[in-house]
Number of protein chains: 2
Amino acid sequence: MFSVSARTQYAIRAMTCLATKPDRSSTSAEIAQAENIPAKYLEGILSRLKAFGLIESERGKNGGYRMAKNPSDITMLEIVEAIDGRIKPVTCVDAIGACAQGAACHPRNFWIGLKSTIDAYLAERTLKDVAQG
Amino acid sequence: MFSVSARTQYAIRAMTCLATKPDRSSTSAEIAQAENIPAKYLEGILSRLKAFGLIESERGKNGGYRMAKNPSDITMLEIVEAIDGRIKPVTCVDAIGACAQGAACHPRNFWIGLKSTIDAYLAERTLKDVAQG
DNA sequence: TTAATTCCTATCTGGATAGTAGGAATATAT
DNA sequence: ATATATTCCTACTATCCAGATAGGAATTAA
């Protein structure tokens, strides 16, 4: 229940890896080896993180990835949402009537509250916090 | 991300349904129709809820299901755990070293904290709260 | 003995997740 | 120029599991 996708776990590990090397850029292969992540799979993850503005990259020889911001300025919520999108326990959190129960959906507020709780937890911790353990 | 299984949503709806009829017992088919849940699928869900002591049942003619406790004494955490087991964002929440990173797993405490946060939210709300919307 | 019900076991299926493959585009160094 | 190292893009495959269905056995009341 509420399990975190491998993708997101990989993303977090990759980010912590980059966070420890702020001065230079790391290649995807380097990160993959250091963090024990399937190399080709990681490439796609790094693309998403880049598209979300969390990391930067340079192509070609001597290319690689590096942090786009300070680790203390990146919340865990940003990383999670970059990879798996907004947290949505049930389909009707966004719009009333988005489930088969329509307006009679009693649990809706309960789920919305859960989402808020999770979001708050994730938004309160930064990559720096997590990298330190 | 963090989406709730249909099973759990069905279970909650079934429980709210029973909670509104504390005096008599309801059949699985009744609940299925009232809550728009696949009838046969619901049977398995009710079995789990019973195994967990949240509801009681009688077989045979005039049989059915009813609440085993007062709705205000059933937490949402109980329902969720009855259906999908303990909340476990990552495999290593229970035992250090249960992931490939072993003792060097930096995000572990972060995930444990998330689990605690979710558990607390669910444990603080009762079926009565949710049934009222 | 019939009808209504829970309970048990087995099976099917679609879609998502995880991972692989191949190569195009780009940059550097020599 | 050319070789090399890298990101980036697209497509494919495999595996797993949630969701659902099917058929009937066990049990109980009328």
Side-chain angles (χ1 to χ4, degrees), chain A residues 1-14 18 24-33 35-68 80 83-85 88-91 99-100, chain B residues 1-14 18 24-68 80 82-85 88-91 99-100:
Chain A
M1 189 85 202
F2 292 122
S3 57
V4 174
S5 67
R7 270 208 315 265
T8 293
Q9 295 183 59
Y10 290 159
I12 291 172
R13 295 223 300 275
L18 288 175
R24 64 189 193 77
S25 77
S26 314
T27 68
S28 142
E30 249 182 287
I31 302 170
Q33 185 168 21
E35 296 292 334
N36 195 30
I37 301 170
K40 272 294 201 181
Y41 195 47
L42 177 59
E43 290 183 10
I45 293 168
L46 293 170
S47 281
R48 296 214 210 190
L49 293 170
K50 181 187 176 183
F52 227 73
L54 302 180
I55 61 179
E56 292 168 345
S57 68
E58 305 263 355
R59 306 174 93 178
K61 196 159 187 178
N62 296 345
Y65 299 89
R66 68 187 120 67
M67 305 291 300
V80 165
I83 300 302
D84 278 336
K88 203 192 257 197
V90 295
T91 58
C99 66
Chain B
M1 188 87 202
F2 292 123
S3 57
V4 174
S5 67
R7 271 208 313 266
T8 293
Q9 295 183 58
Y10 291 159
I12 291 171
R13 296 222 301 273
L18 288 174
R24 64 190 193 78
S25 77
S26 314
T27 68
S28 143
E30 251 183 288
I31 302 169
Q33 186 169 23
E35 296 293 334
N36 195 30
I37 301 170
K40 272 294 201 180
Y41 195 47
L42 177 60
E43 289 183 11
I45 293 168
L46 293 170
S47 282
R48 297 214 210 188
L49 293 170
K50 181 188 176 181
F52 226 75
L54 301 180
I55 61 178
E56 292 168 345
S57 69
E58 307 261 355
R59 306 175 93 178
K61 198 160 185 176
N62 296 344
Y65 299 88
R66 69 186 121 64
M67 304 290 301
V80 165
I83 300 302
D84 277 337
K88 201 192 259 196
V90 295
T91 57
C99 67

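It should be emphasised that the depicted structure is a prediction, and the values quoted were computed from it without experimental measurement. Chain letters run A, B, ... following the sequence lines, proteins first, then strands; residues in each count from 1.
- As a whole-Å value, the separation of Glu58(A) CD from dA25(C) C1' is 15 Å.
- When each of Gly60(A) and Ser28(B) is assigned the nucleotide of DNA chain C with its nearest heavy atom, Ser28(B) is the one assigned upstream, toward the 5' end.
- When the salt bridge (charged side-chain N to carboxylate O under 4.0 Å, His left out) test is applied to Arg66(B), the partners found at least two apart in sequence or on another chain are Glu56(B), Glu58(B).
- Rounding to the nearest 0.5 Å gives a distance of 7.0 Å between CZ of Arg13(B) and SG of Cys99(A).
- Applying a 4.0 Å cut-off to non-hydrogen atoms, none of the residues of residues 45-56 of chain A approaches DNA chain C.
- From Met67(A), atom CE reaches atom CG of Leu49(A) across 9.5 Å, with rounding to the nearest 0.5 Å.
- With a heavy-atom cut-off of 4.0 Å to chain A, the contacted part of DNA chain D has its first and last nucleotide at dT4(D) to dC9(D).
- Among residues two or more places apart in sequence or in another chain, the side-chain contact (heavy atoms from CB on, under 4.5 Å) test is passed with Arg48(B) by Arg7(B), Ile83(B).
- Annotation for Tyr65(B) and Leu18(B): closest pair O-CD2, 3.5 Å, computed over non-hydrogen atoms.
- With sequence neighbours excluded, no residue forms a side-chain hydrogen bond (donor to acceptor under 3.5 Å, both in side chains) with Lys61(A).
- Rounded to 10 degrees, the angle between the two end axes of the helix from dT1(C)-dA30(D) to dT30(C)-dA1(D) is 10°, with five pairs used at each end.
- Considering every non-hydrogen atom in both Gly53(B) and Ala68(B), the closest pair reads O-CB, 3.5 Å.
- Residues from residues 2-11 of chain B lying near DNA chain C, meaning a heavy-atom separation below 4.0 Å, are absent.
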Which atom pairs, one a donor and one an acceptor, fall under 3.5 Å between side chains of residues 27-34 of chain B and the rest of the protein, sequence neighbours left out?
unit_1: Thr27(B); atom_1: OG1; unit_2: Glu30(B); atom_2: N; d: 3.1
unit_1: Glu30(B); atom_1: OE1; unit_2: Thr27(B); atom_2: N; d: 3.0
unit_1: Glu30(B); atom_1: OE2; unit_2: Arg24(B); atom_2: NH1; d: 3.4
unit_1: Glu30(B); atom_1: OE2; unit_2: Arg24(B); atom_2: NH2; d: 2.9

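- Listed pair Asn62(A) / dA29(C) meets the phosphate criterion, a side-chain N or O lying under 4.0 Å from OP1 or OP2.
- For dT6(C), the base has a donor-acceptor partner in the side chain of Arg59(B) [N/O atoms by modelled type, under 3.5 angstrom].
- Looking at residues two or more places apart in sequence or on another chain, you find a salt bridge (charged side-chain N to carboxylate O under 4.0 Å, His left out) between Lys40(A) and Glu43(A).
- With sequence neighbours excluded, the residues that form a side-chain hydrogen bond (donor to acceptor under 3.5 Å, both in side chains) with Ser5(B) are Thr8(B), Asp84(B).
- DNA chain D is contacted by Lys40(A), Glu43(A) of residues 36-44 of chain A, taking any non-hydrogen atom closer than 4.0 Å.
- In this view, Ser57(B) and Lys50(B) satisfy the side-chain hydrogen bond (donor to acceptor under 3.5 Å, both in side chains) rule, not counting sequence neighbours.
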